[in-house]
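All remarks here apply to the structure that follows.
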Amino acid sequence: MPTVQIVLPGNAHSGERAVTTGTTAAELFDANRSVIAARVDGTLRDLAYELRDGDSVEPVTIDSADGLAIVRHSAAHVLAQAVQTLFPEAHLGIGPPITDGFYYDFGVDRPFTPEDLEALEKEMRRIIRDGQRFSRRVVTDDQARSELAHEPFKLELIGLKGAAGVDAETGVEVGAGELTIYDNLDAKSGETCWKDLCRGPHVPSTRHIPVFKLMRTAAAYWRGSEKNPQLQRVYGTAWDSKEALKNHLTMLAEAEKRDHRRLGVELDLFSIPEEIGSGLAVFHPRGGVVRKVLEDYSRRRHEEGGYSFVYTPHATKGQLFEISGHLDWYADAMYPPMELDEGQKYYLKPMNCPMHNLIYRARGRSYRELPLRLFEFGTVYRYEKSGVVHGLTRARGFTQDDAHIYCTLEQMPGELDSLLTFVLNLLRDYGLSDFYLELSTRDPQKSVGTDEEWAEATETLRQAASKQGLDLVLDPGGAAFYGPKISVQAKDAIGRTWQMSTIQVDFQLPQLFDLEYQAADGTRKRPVMIHRALFGSIERFFAVLLEHYAGAFPPWLAPVQVVGIPITDEHVPYLRDVAERLRARGVRVDVDASDDRMQKKIRTAQKQKVPFMLLAGDADATAGAVSFRYRNGEQRNGIPVTDAIDEIVTAIDNRIQV
RNA sequence: GCCGGCGUGGCGCAACUGGCAGCGCACUCGACUUGUAAUCGAGCGGUUAGGGGUUCGAAUCCCCUCGCCGGCUCCA
C-alpha cells in the first residue's frame with residue numbers, strides 16, 4: 001500500500017511517521033475528540049484534509065484560540081443558513097469570527113427584531129442537531145459566479161479576490177489563493193442543504209459547535225465604508241462549553257455593573273446634563289475630589305520630572321489652526337467657528353500644541369534651555385459625531401494632561417526613553433500594571449513630511465519602546481498626520497484593554513511654526529517636538545479607573561476615605577473627635593450622625609464603597625478605641641485610636657488598595 | 001452622520017387592546033437608641049423629554065425635534 005511521510009511536531013508523539021496515501025487529518029487525530037481542525041505547515045486545514053508527503057501536522061483543539069475561532073466561524077455559517085431558511089430573500093454579506101464570538105451581515109428588506117433573533121436561534125439549534133457536514137470544494141471564479149449569481153455581495157467579493165486592500169475580515173470569505181465553497185451536507189442523505197463562499201476551515205460537522213448564543217443586531221456598512229449600503233448584522237457568541245459561555249456572560253454582566261456611567265450616578269461623581277449638551281460633563285463634589293487628587297499627584301510628579309507649567313486659552317483665531325494644519329485635516333471634527341470683530345473667525349481649540357508652540361516662539365531659545373518641557377491640563381473641544389459620544393470616554397469637551405517637549409535631534413532618543421519610563425511608572429502608581437505598547441506608523445494618504453523624517457522618527461520610537469521589555473504590536477497606518485506614535489495599552493481588572501498614554505514624535509509642527517533654537521556653535525537649528533499625553537483625557541482616565549476599581553477606589557483616591565458610624569447617638573461626639581484628628585492628618589472623613597440605625601449606616605457606607613468604616617460604641621469609647629469594618633466585610637475591633645489613624649494615613653500615603 | 005431600540009418624580013421600575021399616573025429607594029418630619037449590609041410611621045415630589053397631530057379621551061397611536069443605549073463609520 002502506498003504511503004506518505006508526515007511529521008508530527010510536539011513532544012509526546014513527535015517525529016516522522018508513514019501513513020497510507022489518502023489518510024486524512026481526522027484519521028490521524030481520531031483518538032482525541034476535542035480536535036476539530038489541523039494545522040498543516042502552519043496553515044489551518046479542515047480535518048478532512050488529505051495528508052501529503054512531507055506535511056507537518058499539528059492538531060487544533062476546540063479550546064485553543066484557533067479552535068474557538070473556527071467554531072465561531074462555523075457558527076456564523078449556521079446563522080447564515082438559518083437566516084436564509086427563515087428569510088429566503090436575505091443576501092449574504094460576510095461572517096467572520098471576532099473576539100469572543102462572530103457576526104454575519106445580511107442584506108434584508110427590514111431589520112431583524114428580537115423575536116427574529118429567537119426564531120433564528122431555534123433554527124440554528126435544529127441545524128446543529130442535524131449534524132450537517134461542512135464540505136470544502138475548490139471552484140473556479142466562473143463556477144463561483146454562476147453558483148452565487150443570486151448573491152450580489154458575494155459576487156463583489158469574488159471580483160476582489162487577491163486584489164490589494166482586501167481587509168482581514170473580507171479575507172475570511174475569499175482568501176488570497178483558490179476560491180472555495182463550503183457545502184453543508186445532510187448527515188444521512190449527503191444532500192447539499194446550504195452553501196457559502198468561504199475560505200474555511202470549519203469544524204467537521206455542525207454538531208461540533210458546543211454552545212452559542214445570539215447577542216444583538218446592528219446595522220453595518222457593507223465593506224466598512226459609509227458610502228456603501230448598510231446591511232443588518234447579527235452578533236453572536238460561541239464557546240467550547242456551557243461553562244465557558246456562562247463565564248463570558250458573567251463577565252459581560254460584571255462589565256455592565258462597572259460601567260462608569262452607572263457608577264457615576266450611583267456614587268454621585270459626575271453627570272452630563274442635557275441642558276449643557278451631549279458629551280459635556282460636570283463633576284460633582286465627590287467626583288471632583290477624585291479628579292483633583294488624580295491631577296494633584298500628576299502635577300507633583302511632573303514638577304519632579306522637570307516640566308514647566310503653562311496655561312493657554314480655550315478659544316483662538318482660526319489662523320493658528322491654519323498654521324498648524326489642523327483645519328486642513330480636522331475641520332469637520334471641530335466646533336464651527338464664531339464670527340467676531342468684523343468677520344474674524346474664532347474656534348474652540350481641539351488641540352493644545354499650537355498654543356504651546358507660540359509659547360516656545362515667544363522669544364529666542366538657546367540650546368541651553370532644551371529639552372524644554374511644557375505641561376498643561378488643557379481643556380479641548382472636539383465636535384464628535386452624535387453617534388459616537390459615550391459617557392466620559394468619548395466626550396466633546398475634555399481635558400488633556402498635555403505636554404510638549406522641545407529638544408534637539410540628539411536628545412530625542414534619551415528623552416523618549418525616559419519619557420516612556422516616566423509614563424509607565426506613573427500609570428503604575430494609579431494602579432494599572434498590565435501593559436503592552438503599540439507603534440502606529442505612517443499612513444501615506446494622511447500625512448505630511450518626508451520619508452526620511454518618518455523613518456527616523458519611527459525607528460527612534462521603536463527603539464525606545466523595545467527597551468521597556470513590554471510586548472510591542474504594530475498599528476500600520478495608524479499615526480496622526482504629523483508623526484508616528486507609541487501608545488500604551490493597559491489591561492484593566494477584568495481584562496479589557498484601554499488605550500492610555502500616547503507619545504508622538506513630530507518634525508512637522510516645528511517647521512510649520514518655524515521654531516528654532518541657537519546651537520552652541522551659534523547656528524540656528526530646528527528643535528524636535530514630542531507630544532505626550534499620559535491620561536489622554538482626564539475624564540476618560542477617570543472613567544477607566546472607575547471601571548477598573550468598580551467604584552472601590554484605593555483610599556488615596558476615594559472621595560470619602562473614612563466614615564464614622566456611632567452605635568448610638570451618644571457616641572457621635574466621640575467619633576467627631578476621632579474624625580477631627582483624622583482631618584488634621586488630611587483624611588477625608590465623615591461621621592454619619594443621621595437617625596438611621598447602625599446597620600443601615602454600614603449598608604450606606606458599603607454601597608458608597610468607602611474604604612474604612614470606623615465604629616464606636618461604649619466598649620470602644622471607654623477603651624479609647626475604634627472598630628474597623630472594611631469593604632470586604634472584615635472587621636477588627638478595639639483598635640486604639642492612634643493606631644487606627646496611623647493605619648489609615650499609611651494606607652493613603654502609600655497609595656495601597658485595601 | 002447612518003441603522004435599530006428607548007425616554008414615566010433625583011435613581012430603579014409599574015400602569016391591559018387608548019379610560020383616575022402608581023411602587024421601591026432616596027429626600028423631609030416624627031417615634032425608636034440598637035455592636036458590623038435595610039426600625040417603624042407620616043409626608044414632599046411627575047404638564048409621562050419637548051413640540052405638533054389623531055381621538056369624547058393619549059404615558060400608550062402618528063409626525064418632528066432633543067437626548068440616551070447598542071452597533072457601523074470616525075477618534076489629531
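Predicted model only: the values in this text are computed from it and were never measured. Order of the sequence lines fixes the chain letters, A, B, ..., with proteins taken first and strands second; residue numbering starts at 1 for each chain. Both backbone and side-chain heavy atoms feed into the values below; hydrogens, waters and symmetry mates do not.
Pairing partner, B:rA38: none, since no Watson-Crick or wobble contact has both distances short of 3.5 Å. Across every strand in view, B:rG24 sits in a pair with B:rC11 that passes the Watson-Crick or G-U test at under 3.5 angstrom. Under the Watson-Crick or G-U wobble criterion, with both distances below 3.5 Å, B:rC61 is paired with B:rG53. A 3.5 Å limit on both hydrogen-bonding distances identifies B:rG1 as the Watson-Crick or G-U partner of B:rC72. Partner assigned to B:rC32 is none, using Watson-Crick or G-U wobble distances below 3.5 angstrom. Remark: B:rG67 base-pairs with B:rC6. Criterion, Watson-Crick or G-U wobble with two distances under 3.5 Å. The nucleotide B:rU47 finds no pairing partner, because no Watson-Crick or G-U wobble arrangement with both distances shorter than 3.5 Å includes it.
Distances from the side chain of A:Arg603 to the nucleotides B:rC68, B:rU39, B:rA38 place B:rA38 closest. The side chain of A:Arg629 approaches B:rU36 more closely than any other nucleotide in the set B:rC3, B:rC11, B:rU36. The side chain of A:Ala218 lies closest to B:rG71 when the candidates are B:rU36, B:rG71, B:rC11. Ranking B:rU73, B:rU33, B:rG71 by closeness to the A:Lys385 side chain, first place goes to B:rU73. Side-chain proximity of A:Asp618 to the nucleotides B:rG71, B:rG35, B:rA37 is greatest for B:rG35. Residue A:Thr568 places its side chain closer to B:rU33 than to any other of B:rU33, B:rA76, B:rC74. Checking B:rC68, B:rA37, B:rG1 against every side-chain atom of A:Tyr221, the shortest atom distance belongs to B:rG1. Comparing atom distances between the A:Arg394 side chain and each of B:rC75, B:rG70, B:rC72 picks out B:rC75 as nearest. The A:Ile602 side chain lies nearest to B:rA37 when the options are B:rA37, B:rG1, B:rC69. Closest approach to the A:Lys600 side chain among B:rA76, B:rG70, B:rU39 is made by B:rU39 (side chain taken as heavy atoms from C-beta onward).
Heavy atoms of A:Lys349 sit nowhere under 4.0 angstrom from any nucleic acid atom. Counting non-hydrogen atoms under 4.0 angstrom, A:Tyr482 reaches the backbone sugars and phosphates but no base. Residue-level contact check: A:Pro111 touches the backbone only, with heavy atoms under 4.0 Å from sugar-phosphate atoms and none from bases. A:Gln599 comes within 4.0 angstrom of sugar-phosphate atoms only, judged by non-hydrogen atoms across all strands, and of no base. Within 4.0 Å of A:Arg382, counting heavy atoms only, lies at least one base atom of the nucleic acid. Residue A:Thr604 is out of contact with every strand shown, counting any heavy-atom pair closer than 4.0 Å.
At a cut-off of 3.5 angstrom, counting only N and O atoms as typed in the model, there is no donor on one side facing an acceptor on the other between the side-chain of A:Thr217 and the base of B:rG4. For A:Gln230 against B:rC2, a side-chain N or O and a base N or O form a donor-acceptor pair under 3.5 Å.
Shown here for A:His356 and A:Glu376, the closest heavy-atom pair between the two residues is NE2-OE1, 2.7 Å. Between A:Gly107 and A:Leu231, the shortest heavy-atom contact is CA-CD2, 3.9 Å. Taking each heavy atom of A:Tyr406 and A:Pro527 in turn, the nearest pair found is CB-CB, 4.5 Å.
With rounding to whole Å, A:Gln608 atom CD is found 17 Å from B:rA37 atom P. What separates CD1 of A:Ile565 from C1' of B:rU34 is a distance of 14 Å, to the nearest Å. Distance NE2 (A:His284) to P (B:rC11): 11 Å, rounded to an integer number of Å. Spacing between atom CD of A:Glu226 and atom C1' of B:rC75 amounts to 13 Å, rounded to whole angstrom units. The CG-P distance, from A:Asp620 to B:rU34, rounds to 15 Å in whole Å. In this structure, A:Asp592 atom CG and B:rU33 atom C1' are separated by 14 Å, rounded to whole Å. The CZ-P distance, from A:Phe106 to B:rC72, rounds to 16 Å in whole Å. The separation between A:Lys485 atom NZ and B:rA76 atom C1' is 8 Å, rounded to whole Å.
Side chains of A:Tyr549 and A:Asp492 form no contact here, defined as non-hydrogen atoms less than 4.5 Å apart.
The backbone N or O of A:Met529 lies less than 3.5 Å from no partner atom in the side chain of A:Asp506, so there is not a single donor-acceptor pair.
A salt bridge does not link A:Glu322 with A:Lys345: every distance from a Lys NZ or Arg NE/NH1/NH2 to an Asp or Glu carboxylate oxygen is 4.0 Å or more. Contact check on A:Asp116 versus A:Arg110 returns a salt bridge, with a Lys/Arg side-chain nitrogen under 4.0 Å from an Asp/Glu carboxylate oxygen.
The phosphate of B:rC72 (OP1 or OP2) has a side-chain N or O of A:Tyr235 nearer than 4.0 angstrom.
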